[in-house]
There are 2 protein chains.
Amino acid sequence: MPNNQFKKGELYSFITGKASTAIGRRLQKNFKQANIEITIEQWSVLYHLWKEDGLSQQQLCDATFRDKPSITRLVDNLEKIKLVNRTSSKDDRRMNLIVLTDTGKELEQVCMGIANTTLNEALEGVTHGQIEIAKEVLQMVYENLK
Amino acid sequence: MPNNQFKKGELYSFITGKASTAIGRRLQKNFKQANIEITIEQWSVLYHLWKEDGLSQQQLCDATFRDKPSITRLVDNLEKIKLVNRTSSKDDRRMNLIVLTDTGKELEQVCMGIANTTLNEALEGVTHGQIEIAKEVLQMVYENLK
DNA sequence: GGCATATAGTTGTTTATGCAACTAAACAAA
DNA sequence: TTTGTTTAGTTGCATAAACAACTATATGCC
């Protein structure tokens with residue numbers, strides 16, 4: 001992909017990822033309107049726990065593309081608002097298994113509903129084919145830089 | 001775009017924007033390797049000043065999709081490392097015009113080179129057609145949520 | 001001119017990120 | 001068993017984001 005195929009202005013949109021930023025902001029706003037007081041970062045952790053409860057912090061790092069300090073502090077804050085608990089693993093005492101509280105579990109339905117609504121707002125007028133290609137490109141970019 | 005066209009796992013990539021995050025991190029790393037000590041957020045401000053020097057903070061907000069406090073503090077930090085100066089406008093004394101220092105101007109060549117290289121790394125193996133569609137989708141998402 | 005309103009920018013607070021340095025447990029090799 | 005290495009997680013520090021509340025200047029209207 002030679003340089004000269006890009007105009008500077010186009011380059012910028014890619015790097016700063018304004019579209020995904022916009023989705024994140026909208027999601028946060030939609031959570032707030034539903035009186036759900038969690039950040040999108042917290043949501044992204046909960047999202048993986050809803051799929052599989054009791055993940056270790058390291059597994060959450062891999063799943064959310066965050067580093068260990070970020071997960072430490074996100075889990076700190078999720079514990080503070082009583083949505084998850086740390087329980088140290090019996091197999092390997094180095095590991096914390098992060099387990100949803102009942103309140104944490106109860107949030108899944110409504111949060112995933114809001115996430116779906118938000119995505120539909122974001123993708124209005126975009127065809128299924130376009131979405132598939134966009135996903136492919138994003139995935140390739142991610143793989144290239146891994 | 002009905003809900004059932006999305007699997008949950010796909011939804012997630014869109015919202016968290018891991019690809020653009022990855023590009024940002026790589027860019028930062030490439031700057032660091034070239035001994036350029038600026039953040040990608042600072043770069044995104046400089047980028048617009050290189051295109052047009054003497055923008056107001058409000059213009060930088062619009063250009064970078066950031067809010068006013070964010071720009072205030074990015075300009076604070078850019079002033080601290082002596083890459084820009086605030087000069088209050090004579091036409092409208094409410095406005096600060098942000099002007100590149102000589103050092104700030106000198107960074108353009110090498111920084112834009114690194115940005116281009118980074119983008120080429122990121123987009124290796126992605127066709128021009130795919131990129132065009134991805135850009136369209138991101139633009140539509142942004143417009144939908146504006 | 002004087003008052004209401006809009007606009008430009010700043011400050012405070014909470015949350016999150018990235019990096020480096022750290023502790024503690026597990027594991028592997030001699 | 002002791003020594004060195006890897007792995008899991010935490011802490012400290014600087015930078016940045018989002019939101020609300022604030023100051024100061026400009027503008028529009030009577």
Side-chain angles (χ1 to χ4, degrees), chain A residues 16-18 20-33 37-46 54-81 83-84 86-98, chain B residues 16-18 20-33 37-46 54-81 83-84 86-98:
Chain A
T16 58
K18 65 185 181 186
S20 56
T21 308
I23 296 183
R25 278 187 211 167
R26 177 63 59 96
L27 181 60
Q28 181 103 55
K29 195 176 136 194
N30 289 348
F31 279 151
K32 196 161 193 179
Q33 272 182 354
E37 292 293 332
I38 60 172
T39 66
I40 42 165
E41 292 84 3
Q42 291 169 354
W43 171 80
S44 77
V45 170
L46 292 173
L55 293 174
S56 72
Q57 295 189 196
Q58 184 57 54
Q59 287 174 310
L60 286 172
C61 291
D62 298 337
T64 63
F65 309 102
R66 289 185 167 81
D67 67 357
K68 291 196 281 187
S70 294
I71 291 297
T72 294
R73 277 138 180 163
L74 281 174
V75 172
D76 286 349
N77 285 332
L78 285 169
E79 265 196 317
K80 217 182 287 174
I81 57 177
L83 297 181
V84 305
R86 280 181 170 92
T87 49
S88 61
S89 166
K90 282 164 190 165
D91 298 342
D92 185 335
R93 283 186 304 159
R94 289 172 306 180
M95 283 203 298
N96 293 333
L97 304 183
I98 311 304
Chain B
T16 59
K18 65 185 181 185
S20 56
T21 308
I23 296 183
R25 279 186 211 168
R26 177 62 60 94
L27 182 59
Q28 181 101 55
K29 194 177 135 194
N30 289 348
F31 280 152
K32 197 160 193 180
Q33 272 182 354
E37 292 293 333
I38 60 173
T39 66
I40 42 165
E41 291 83 3
Q42 291 169 355
W43 171 80
S44 78
V45 170
L46 292 174
L55 293 173
S56 72
Q57 295 189 196
Q58 184 57 53
Q59 286 173 310
L60 286 172
C61 290
D62 298 337
T64 63
F65 310 102
R66 290 185 166 81
D67 68 358
K68 291 198 280 187
S70 295
I71 291 297
T72 294
R73 277 139 182 163
L74 281 174
V75 172
D76 285 350
N77 285 331
L78 285 169
E79 264 196 318
K80 218 182 285 173
I81 58 178
L83 297 181
V84 306
R86 281 182 170 91
T87 50
S88 62
S89 165
K90 281 163 191 166
D91 299 340
D92 184 338
R93 283 186 303 157
R94 289 172 304 179
M95 284 202 297
N96 293 333
L97 305 183
I98 311 304

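Quick note on labels: first sequence line is chain A, next is B, and so on, each numbered from 1.
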Note to self: Distance check, rounded to the nearest 0.5 Å: B:Thr64 atom OG1 versus B:Gln57 atom CD?
What the structure shows: 11.0 Å
Notebook entry, point to check: With sequence neighbours excluded, what pairs up with B:Asn30 under the side-chain hydrogen bond (donor to acceptor under 3.5 Å, both in side chains) test?
Noted result: B:Thr118, B:Glu121
Checklist line | side chain to side chain contact (heavy atoms under 4.5 Å, CB included) against B:Ile40, all qualifying residues, sequence neighbours excluded | finding: B:Leu27, B:Gln28
Next item on the list: Could you list the residues that satisfy side-chain hydrogen bond (donor to acceptor under 3.5 Å, both in side chains) with B:Arg94, not counting sequence neighbours?
Entry: B:Asp92
Notebook entry, point to check: Less than 4.5 Å apart, any side-chain heavy atom of B:Val45 and any of B:Gln42?
Noted result: no
Notebook entry, point to check: Between atom CD in A:Gln57 and atom C1' in D:dT11, what is the gap in whole Å?
Noted result: 13 Å
Checklist line | Nearest-nucleotide comparison on DNA chain D, the residue closer to the 5′ end among A:Asp76 and A:Lys32 | finding: A:Asp76
Notebook entry, point to check: Of all residues at least two apart in sequence or in a different chain, which pass the side chain to side chain contact (heavy atoms under 4.5 Å, CB included) check with A:Asp67?
Noted result: A:Pro69, A:Ser70
Check: In Å, rounded to the nearest 0.5 Å, how long is the span from CD of B:Gln58 to CD1 of B:Ile71?
Finding: 9.5 Å
Next item on the list: Report the distance from atom CZ of B:Arg86 to atom C1' of D:dA24, rounded to the nearest whole Å.
Entry: 15 Å
Checklist line | Spacing between B:Lys29 atom NZ and C:dC19 atom P, to the nearest angstrom | finding: 9 Å
Checklist line | Whole-Å distance separating the CG atom of B:Leu60 from the C1' atom of C:dA8 | finding: 13 Å
Check: Do the side chains of A:Lys68 and A:Cys61 get nearer than 4.5 Å, heavy atoms only?
Finding: yes
Next item on the list: Could you check how far CG of A:Leu97 sits from C1' of D:dG9, rounded to whole Å?
Entry: 13 Å
Could you write out each protein N or O paired with an N or O of nucleotides 16-18 of chain C at a distance under 3.5 Å?
| unit_1 | atom_1 | unit_2 | atom_2 | d |
| --- | --- | --- | --- | --- |
| C:dA16 | OP1 | A:Thr39 | OG1 | 2.5 |
| C:dA16 | OP1 | A:Gln42 | NE2 | 3.3 |
| C:dA16 | OP2 | A:Asn77 | ND2 | 2.5 |
| C:dT17 | OP1 | A:Arg66 | NE | 2.4 |
| C:dT17 | OP1 | A:Arg66 | NH2 | 3.1 |
| C:dG18 | OP1 | B:Arg25 | NE | 3.0 |
| C:dG18 | O6 | A:Arg73 | NH1 | 3.4 |

Notebook entry, point to check: Does B:Arg93 offer a backbone N or O that forms a donor-acceptor pair with the side chain of B:Ser88 under 3.5 Å?
Noted result: no
Notebook entry, point to check: Between A:Glu79 (CD) and D:dT10 (P), how many Å, whole number?
Noted result: 9 Å
Atom pairs under 3.5 Å: protein N/O with N/O of nucleotides 26-29 of chain D:
| unit_1 | atom_1 | unit_2 | atom_2 | d |
| --- | --- | --- | --- | --- |
| D:dA26 | OP1 | B:Arg93 | N | 2.9 |
| D:dA26 | O4' | B:Arg94 | NE | 3.4 |

Notebook entry, point to check: In whole angstrom, what separates B:Glu37's CD from C:dA20's P?
Noted result: 11 Å
Check: How many Å lie between NZ on B:Lys68 and P on D:dA21, as a whole number?
Finding: 15 Å
